[in-house]
Structures are given as C-alpha cells and as structure tokens.
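Notes follow the structure.
Here the structure is a predicted model, which is why all the values come from computation and not from measurement. Keep in mind that the numbers below use all heavy atoms, side chains included, and drop hydrogens, waters and symmetry copies.
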Amino acid sequence: PQFLQSTYREHPQHTSMATSPDGFKSKAIFDMITTALKADGDALVGRVKGIYGFKVKGGPGGTEGFWIVDAKNGAGKVEFNGKDKPDVTLTMSDGDLVDLMTGKLNSQKAF
C-alpha cells in the first residue's frame, strides 16, 4: 500500500573502515602470524598455499578492519587493509576471531 511506501524506509548500516589496526584485539593474532612468517615463511607458505582475508567487525568505535594473510607467495606477508585478492574471506567479530585463534571458540560452533 501507498502509506507503507511513505512511512517505511530501510536504513542500511554503514560501518566505517579502520585506517589502523591499533585498538583491535585481533591485532595481536596478526602480529604473531607476521612473526611466524618472518621466522619460517618459506616452509609455512609451502604448506598453506593460500591468501586469506579476515574481515573483522566490532573494532574500536565500531569500525571494521581487514587483514590479508598471504601464505601463497614468497615468504608470505600480513597486511592491514591490503589490496591482494584473497582466495577465502572470513568475516567475524574482533572478539570471536581472538577466541577462535586461541582455541576458546570451537570453529564448528563459530559459524
């Protein structure tokens, strides 16, 4: 009906992208991955062979962060707001990502 068209408006949620990883709980996880790649990147890349995107919601001030973990090329790398195209992208909250990576959250129950 016409009255619904004029009174109902969809309000999409806009999440702003963080410009820095500072303040995200999961930053510590990506720092550890960076350290591991620097220490043994060639071997890790040889086993993993993938580029992973992590879309992290619920960051500082409600912002969203995006990390790329390239474990496919060279000795690997981790980039915040990287531009490489991931083979797989995981989207989850900052807290859930930390819990998943530290073993506090069962991966089968997380999704």
From CG (Leu44) to CG (Asp42), nearest 0.5 Å: 9.0 Å
Should Asp84 and Lys72 count as side-chain neighbours, where that means a heavy-atom distance under 4.5 Å? no
Apply side chain to side chain contact (heavy atoms under 4.5 Å, CB included) to residues Ile29 and Thr102 and explain how you reach the verdict. CA-CA 9 Å; Ile29 300 296; Thr102 58; 4.1 Å; yes
Please confirm whether the backbone N or O of Lys25 pairs with a side-chain atom of Asp94, one donor and one acceptor, at under 3.5 Å? yes
What is the distance from atom OH of Tyr52 to atom OG1 of Thr89, rounded to the nearest 0.5 Å? 11.5 Å
ILVMFWY cluster, Ile51 and Leu90 together (side-chain gap under 4.5 Å): no
Given Leu37 and Asp70, is the side chain to side chain contact (heavy atoms under 4.5 Å, CB included) satisfied, shown in steps? CA-CA 10 Å; Leu37 287 171; Asp70 181 345; over 6 Å; no
Would you say Phe54 and Val45 are hydrophobically clustered, going by side-chain heavy atoms of ILVMFWY under 4.5 Å? no
Answer with yes or no whether the hydrophobic clustering places Phe80 together with Met17; edges join I, L, V, M, F, W, Y residues whose side-chain heavy atoms lie under 4.5 Å apart. no
When rounded to the nearest 0.5 Å, the distance separating NZ of Lys104 from CG of Asp96 is 12.0 Å
Locate the shortest heavy-atom distance separating Gly65 from Phe24; write the atom from each residue and the value. N-CZ, 3.4 Å
Which atom pair, heavy atoms only, marks the closest approach of Gly53 to Ile68? CA-CD1, 4.3 Å
How many angstroms lie between CZ in Arg47 and CG in Asp40, if you round to the nearest 0.5 Å? 6.5 Å
Might you point out which heavy atoms bring Leu97 and Ser26 nearest each other, and give the distance in Å? CD2-CB, 3.7 Å
Answer with yes or no whether the hydrophobic clustering places Val69 together with Met101; edges join I, L, V, M, F, W, Y residues whose side-chain heavy atoms lie under 4.5 Å apart. yes
Please examine the side chains of Lys57 and Thr91, heavy atoms only from C-beta on, and report whether any two atoms are closer than 4.5 Å. yes
With a 4.5 Å heavy-atom cut-off, do Thr19 and Thr63 have their side chains touching? no
Search all heavy atoms of Val48 against all heavy atoms of Ala71 and return the closest pair with its distance. CG1-CB, 3.6 Å
Where is the tightest heavy-atom contact between Pro60 and Asp22, given as atom of each residue plus distance? CG-O, 3.6 Å
Which class fits the ring pair Phe30 and Trp67: parallel under 30°, tilted 30 to 60°, perpendicular over 60°? parallel
